[in-house]
Amino acid sequence: MKKILEKEKQNSQKYLDIAGVIFVIIDANLNTRLINKKGCEILGHENDKEIIGKNWIDNFIPPKARSQVRDCFTKLIKGDIQQLEYFENPIITKDGKERIIAWHNTVIRNERNQIVATLSSGADITERKHVQEALKESEEKFRTVTQISPVGIFRTNTKGSCLYVNDRWCEIAGLSAKKAKGKGWIKSIHPQDKDKVLEIFYHTKERDVCFKLEYRIIRQDGSTRWVIGQGTAERNLEGQLSGFVGTITDITDRKETEKALKESEEKFRAISQAASDSIVLMDNDGKTIFCNKATEDMLGYSKDELIGKEFHLYAALKKDYKEYKKHIALFAKTGQGVAINKTLELVARKKGGEVFPVELSVSAVKLKGKWHAIGIIRNITERKLAEETMEKSREFYLTLFDEFPVLVWRSGIDTKFDYFNRTWIAFTGRSMEQEIGEGWTKGVHSDDLKQVMQTYIRAFKIRKPFSTEYRLRRYDGEYRWVINYGRPFFDLDGNFGGYIGTCYDITERKKHEEQLAHMAAHDPLTGLPNRRLLEETLKRAVAHARRGTPSVLLFLDIDNFKSVNDSLGHNAGDQALIILSQLFQKNLRTEDLLARIGGDEFAVLLEQTNVDRAQVVAERIRRTIEQSTIVIGKHEFKLGVSIGLIPIDGQLDPWESMANADEAMYRAKEEGRNRVVQYQSS
């Protein structure tokens, strides 16, 4: 046999070494008798001396594949060549890495026609295998995503005939896939929207471009859902238009929210018009979106002259306008800026060019995904004149300060307060002796004292004016919000003498700001938190869950609520929603968050709660509604509630959690209504 193998080796070695595949001869004892350069290269060896003579399976086959390869080799040696002419298996390289080889096998016989060895050629198909596996995985993911997609997916031909819809499309449209096929899907489109939808498929000249539009769907149960449809053209291999593929997303909640927001905006405008301070709403370009009548009176411009224009260009001095332009880009991106959440004193300019001092408070608010600024401007001309008079008069006029209607104080060069006017003393109900030194700090709210003192001492060190807002206890024990203005004063020789300051009661302004903030985060009908506040609270709950504190989210939808609106009208429906929200609240803890998120849908966030307790709470709510009789005037109604439940464990973001809770709620509807269903991932 040795001579035979040697002869084979001599005759074929020169051809084998230039081949682009592995050639290897293995004898009946599984020892390697020949391997070409390509084989050495793939195995990571410099030459065949490191390979020849070694047991092929023990040294070059991974443990997991040795049994299978040994069985194949045994069959080859026995002559079962046809069955194993092609075979794939991994090999292990010198550095421990695995490569996948596709083998073509034959056998070597001696003069007596006995099989004495195997001859195999192998191609490295590792990369091809990886590509195939990645492609297979990608296809499986696509199929999975299509089936579990949160949006409806559809395909049509060029004439708009439906070829495919996924399960989510059917859920949104309330139509089965069978009924949607062909032209069946068109029946679900609202009559008023049908023409603009079909325009895409029949009449649009640019039919091969992406399209996007909002329209209504009428479900078989009679309910109407708003959707946003998006799609693009499909082309065949010849580049010809073959159809359309696209998605629909249920935006009914968004539409309801927009309606509620519009109502909230109308209330905001009514309150703003009654305010004595100027109120201005600006977009992220600084352009005026809204201004109240006080703004027109203060600046001398009409509303038409300001709306759509840069407010600062009309009302600010040139130097302030230039400074504002430096920071507007940062505000547009982050909602932050040098004036945000601060109270500043500036000089404003009227239409005729007259300038006057103002106090400006600016807050940032996000509307429709973009940052906006709400500015409250107060004409402080009279106050500034009073301050300037006090600055000039100093000690000589301290007796006059006692008659001032504002709170006045003075401090010396040691930072200690040594004077308070009668208005201050009357406000606090304490004596001069009790207030001087640091005695006045006892009337400052404990939550505000640190920042008040830091602001004062910081300004004192650099001899600069300051202002700060804090709560000061009045004689009757009520804490009132005040704004404190302090300015350094100097004697006739320019020597620093201390600070003199004034305080103004701004409690009503603070209440007004809080009212505006409350309106932005609460449902105007029920007074409950709205979707925006729910999302913000849910973000914190997800963060807490990631640190080990679980919560549970419930989505609630009133069953058969449409019967109330249909029989008695929407006013009665509104009364019913208020009654229902009160019934929900009776079953919740003080710390639980109950929100109205649109129409007859509510949500409950049970923080620091596990699923078992949440099931008990949800069932208690369900029974309460089931057993309650809703009385509207002389009419009585029995209603139910379908509840979807999902644990907040930190693995999903707030929006995914809300979408899954919503899905669970709709499953409760589909399973017969008036029940609790926990979300189960498919």
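Heavy atoms only: backbone and side chains are in, while hydrogens, waters and symmetry mates are out. Numbers here simply count residues along the sequence, with the first being 1.
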Original post:
When you look at Met658 and Leu534, which way does the side-chain contact (heavy atoms from CB on, under 4.5 Å) test go after all the steps?
Top reply: CA-CA 10 Å; Met658 292 175 68; Leu534 172 65; 4.0 Å; yes

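- A search for side chain to side chain donor-acceptor pair (under 3.5 Å) contacts involving His190 returns nothing, not counting sequence neighbours.
- When side chains are defined from C-beta on, Val227 does not count as touching Trp169, because their heavy atoms never get closer than 4.5 Å.
- For the residue pair Gly229 and Ile248, the shortest heavy atom distance occurs at CA-CG2, 4.2 Å.
- Of the charged side-chain nitrogens involved, at least one lies within less than 4.0 Å of a carboxylate oxygen, so that Arg531 and Asp253 count as a salt-bridged pair.
- Side chain of Thr343 to backbone of Ser361: no donor-acceptor contact under 3.5 angstrom is found.
- The closest donor-acceptor contact from the side chain of Trp185 to the backbone of Gly160 lies under 3.5 Å.
- Atoms OG and CG, on Ser642 and Leu556 in that order, are 9.0 Å from each other to the nearest 0.5 Å.
- Among Leu554, Val617, Val604, the single residue meeting the side chain to side chain contact (heavy atoms under 4.5 Å, CB included) criterion with Ile643 is Leu554.
- Atoms CD and CG, from Gln627 and Leu583 in turn, are 11.0 Å apart once rounded to the nearest 0.5 Å.
- Annotation for Lys562: atom NZ does not count as buried by contact number, only 12 or fewer foreign heavy atoms lying within 6.0 Å.
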**OP:** Apply the test side-chain contact (heavy atoms from CB on, under 4.5 Å) to residues Leu580 and Val641: give CA-CA distance (whole Å), side-chain angles for both, the deciding distance (0.1 Å), then the verdict.
**Re:** CA-CA 10 Å; Leu580 288 165; Val641 60; over 6 Å; no

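- Here the NZ atom belonging to Lys212 is positioned 4.0 Å from the CD1 atom belonging to Ile228, to the nearest 0.5 angstrom.
- Side-chain contact check for Pro191 versus Ile218: some heavy-atom pair is nearer than 4.5 Å.
- When all heavy atoms of Gly243 and Thr158 are compared, the closest pair comes out as N-CG2, 3.7 Å.
- Side-chain atoms of Ser657 come within 3.5 Å of backbone N or O of Asp653 as a donor-acceptor pair.
- There is no side-chain donor-acceptor pair under 3.5 Å between Asn560 and Ser563.
- Between Leu175 and Ala180, the closest heavy-atom pair is CD2-CA, 3.9 Å.
- Looking at residues two or more places apart in sequence or on another chain, you find a salt bridge (Lys or Arg N to Asp or Glu O under 4.0 Å) between Glu171 and Arg168.
- Listed by chain and number, the residues in a salt bridge (Lys or Arg N to Asp or Glu O under 4.0 Å) with Asp574 amount to none (sequence neighbours excluded).
- Under the 3.5 Å distance criterion, the side-chain polar atoms of Asp277 are left unmatched by any main-chain donor or acceptor of Ile376.
- Between the CD1 atom in Ile506 and the CZ atom in Arg471 there is a gap of 11.5 Å [rounded to 0.5 Å].
- A ring-ring contact (aromatic ring centres under 6.0 Å, His included) check over residues 622-656, counting only residues at least two apart or in different chains, returns nothing.
- Among Arg480, Lys510, Lys342, the single residue meeting the salt bridge (charged side-chain N to carboxylate O under 4.0 Å, His left out) criterion with Glu469 is Lys510.
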**OP:** Output, in order, the C-alpha distance, side-chain angles, deciding distance and verdict of salt bridge (Lys or Arg N to Asp or Glu O under 4.0 Å) for Glu536 and Lys539.
**Re:** CA-CA 5 Å; Glu536 292 300 321; Lys539 288 179 186 176; 3.3 Å; yes

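- The two residues Val165 and Cys170 have their closest heavy-atom pair at CG2-SG, 3.9 Å.
- Asn530 pairs by the side chain to side chain donor-acceptor pair (under 3.5 Å) definition with nothing, not counting sequence neighbours.
- Each salt bridge (charged side-chain N to carboxylate O under 4.0 Å, His left out) pair with one or both residues in residues 213-224, not counting sequence neighbours, appears once here: Asp193-Arg216, Glu214-Arg254, Glu214-Lys255, Arg219-Asp221.
- Scanning both residues, Pro550 and Gly548, for their nearest heavy atoms gives CD-O, 3.4 Å.
- A side-chain donor-acceptor contact under 3.5 Å links Arg620 to the backbone of Asn587.
- Counting only residues at least two apart or in different chains, ring-ring contact (aromatic ring centres under 6.0 Å, His included) contacts with residues 527-571 are absent.
- For Lys370, the NZ atom counts as loosely surrounded, since its 6.0 Å shell holds 12 or fewer non-hydrogen atoms of other residues, nucleotides or ligands.
- Using a 4.5 Å heavy-atom cutoff, the side chains of His512 and Ile279 are in contact.
- The shortest distance between side-chain heavy atoms of Val245 and Thr232 falls below 4.5 Å.
- Atom NZ of Lys187 is surrounded by 12 or fewer heavy atoms from other residues, nucleotides or ligands within 6.0 Å.
- In this structure a side-chain-to-backbone donor-acceptor pair under 3.5 Å is missing from Ser188 to Ile186.
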Original post:
Taking it one step at a time, do Arg622 and Glu619 satisfy salt bridge (Lys or Arg N to Asp or Glu O under 4.0 Å)?
Top reply: CA-CA 5 Å; Arg622 188 199 66 76; Glu619 181 60 26; 2.6 Å; yes

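- Between the side chain of Ser161 and the main chain of Asn157, no donor-acceptor pair closer than 3.5 Å is present.
- Distance check: Asp448 CG to Tyr479 OH gives 9.0 Å after rounding to the nearest 0.5 Å.
- With sequence neighbours left out, Gln582 forms a side chain to side chain donor-acceptor pair (under 3.5 Å) with no residue at all.
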Ignoring hydrogens and angles, write down the donor-acceptor pairs under 3.5 Å from the side chains of residues 661-669, residues two or more places apart or on other chains.
{"residue": "Tyr666", "atom": "OH", "partner": "Arg225", "partner atom": "NH2", "Å": "3.4"}
{"residue": "Tyr666", "atom": "OH", "partner": "Glu601", "partner atom": "OE2", "Å": "3.3"}
{"residue": "Lys669", "atom": "NZ", "partner": "Asp557", "partner atom": "OD1", "Å": "2.4"}
{"residue": "Lys669", "atom": "NZ", "partner": "Ile558", "partner atom": "O", "Å": "3.4"}
{"residue": "Lys669", "atom": "NZ", "partner": "Asp559", "partner atom": "OD1", "Å": "2.7"}

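- Checking side-chain atoms of Asn341 against main-chain N and O of Ala364 turns up no donor-acceptor pair under 3.5 Å.
- Lys64 meets the salt bridge (Lys or Arg N to Asp or Glu O under 4.0 Å) test with Glu98; sequence neighbours excluded.
- Atom CG of Leu593 is separated from atom OG1 of Thr537 by 5.0 Å, given to the nearest 0.5 angstrom.
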**OP:** In sequence, state the C-alpha distance, the side-chain angles, and the governing distance for Ile648 and Val542, and then conclude on side-chain contact (heavy atoms from CB on, under 4.5 Å).
**Re:** CA-CA 6 Å; Ile648 305 301; Val542 170; 3.9 Å; yes

Original post:
After noting the C-alpha distance and the side-chain angles of Ile579 and Ile632, does the key distance pass the side-chain contact (heavy atoms from CB on, under 4.5 Å) rule?
Top reply: CA-CA 10 Å; Ile579 294 170; Ile632 308 294; 3.9 Å; yes

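- Remark: Lys179 pairs with no residue by the salt bridge (Lys or Arg N to Asp or Glu O under 4.0 Å) rule, at least two apart or across chains.
- Sorted by first and then second residue, the pairs that involve residues 584-611 and meet ring-ring contact (aromatic ring centres under 6.0 Å, His included), not counting sequence neighbours, are Phe584-Phe602.
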